[in-house]
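Below: the structure, in structure tokens.
We count residues from 1, following the sequence as given.
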Amino acid sequence: MKKIAIIPARSGSKGLKDKNIIKVCGKPLMSYSIEAAINSKCFDKVIVTTDSEKYAEIAKKYGAEVILRGERLSNDNATSYMVIADVLSKVEIVDYFVLLQPTSPMRDELHIKKACEMFEE
């Protein structure tokens with residue numbers, strides 16, 4: 001089965017500026033989701049979708065591919081569905097995707113692996 005991880009990391013957080021790259025134990029918050037996805041070995045691709053070149057550089061540093069998105073998909077009115085549809089329109093056909101929010105750093109590769117196994121059963 002072909003599957004991808006999608007990690008949405010918008011730079012325009014209203015509540016906590018740049019929350020997705022705030023350092024947590026010395027690493028940017030979104031790096032935990034990237035590393036967990038890669039270490040799970042469940043995905044053909046780990047993709048960060050972002051509106052920020054800075055976020056894109058960080059994502060690449062931790063091993064993710066990046067899809068840059070425009071203003072229409074980066075404002076307060078953009079939904080997760082819109083962002084996912086954008087990513088899926090830009091990659092080859094996959095059997096399924098997993099959405100990994102960067103604000104869940106306690107989720108690790110074992111959680112992801114178990115979730116994929118349960119879904120596939």
With a 4.0 Å cut-off, would you call Glu109 and Lys41 a salt bridge?
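No, Glu109 and Lys41 are not salt-bridged.
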
From [X] atom [atom1] to [Y] atom [atom2], the distance as rounded to the nearest 0.5 Å:
{"X": "Met106", "Y": "Asp108", "atom1": "CE", "atom2": "CG", "result": "8.5 Å"}
{"X": "Ile84", "Y": "Ile6", "atom1": "CD1", "atom2": "CD1", "result": "5.5 Å"}
{"X": "Ile112", "Y": "Phe43", "atom1": "CD1", "atom2": "CZ", "result": "5.5 Å"}
{"X": "Ser11", "Y": "Ile21", "atom1": "OG", "atom2": "CD1", "result": "8.5 Å"}
{"X": "Leu99", "Y": "Ile7", "atom1": "CG", "atom2": "CD1", "result": "9.0 Å"}

Looking just at side-chain N and O atoms, do Asp18 and Tyr55 make a donor-acceptor pair shorter than 3.5 Å?
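Yes, a side-chain donor-acceptor pair sits under 3.5 Å.
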
Side chains of [X] and [Y]: closer than 4.5 Å at any heavy-atom pair?
{"X": "Lys114", "Y": "Glu117", "value": "yes"}
{"X": "Pro28", "Y": "Ile22", "value": "no"}
{"X": "Tyr32", "Y": "Cys25", "value": "yes"}
{"X": "Leu68", "Y": "Asp51", "value": "no"}
{"X": "Ile4", "Y": "Val46", "value": "no"}
{"X": "Lys60", "Y": "Val66", "value": "yes"}
{"X": "Cys116", "Y": "Val98", "value": "yes"}

Any sub-3.5 Å donor-acceptor pair from Ser74's side-chain atoms to Gly70's backbone N or O?
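Judged by distance alone, yes, a pair lies under 3.5 Å.
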
Is there a donor-acceptor pair under 3.5 Å between the side chain of Ser104 and the backbone N or O of Arg107?
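Answer holds: no.
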
To check you understand the geometry: which heavy-atom pair defines the closest contact between [X] and [Y], and what is its length?
{"X": "Val48", "Y": "Ala9", "answer": "CG1-CB, 4.1 Å"}
{"X": "Lys113", "Y": "Ser40", "answer": "CE-O, 3.2 Å"}
{"X": "Pro102", "Y": "Asn20", "answer": "CG-OD1, 3.2 Å"}

Once side chain to side chain donor-acceptor pair (under 3.5 Å) is applied, what residue pairs with a partner in residues 83-103 remain, sequence neighbours excluded?
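Residue pairs with at least one partner in residues 83-103: Lys45-Glu92, Asp86-Lys90, Tyr96-Glu120.
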
Would Leu29 end up clustered with Tyr62 when hydrophobic side chains under 4.5 Å apart are linked, directly or stepwise?
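Leu29 does not cluster with Tyr62.
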
Are Lys3 and Phe97 in a cation-pi contact, defined as NZ or CZ under 6.0 Å from the six-membered ring centre and within 45° of the axis?
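Judged by the rule, Lys3 and Phe97 form no cation-pi pair.
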
Test side-chain hydrogen bond (donor to acceptor under 3.5 Å, both in side chains) on Thr50 and Arg10; report intermediate values, then the result.
CA-CA 5 Å; Thr50 186; Arg10 181 174 74 119; over 6 Å; no

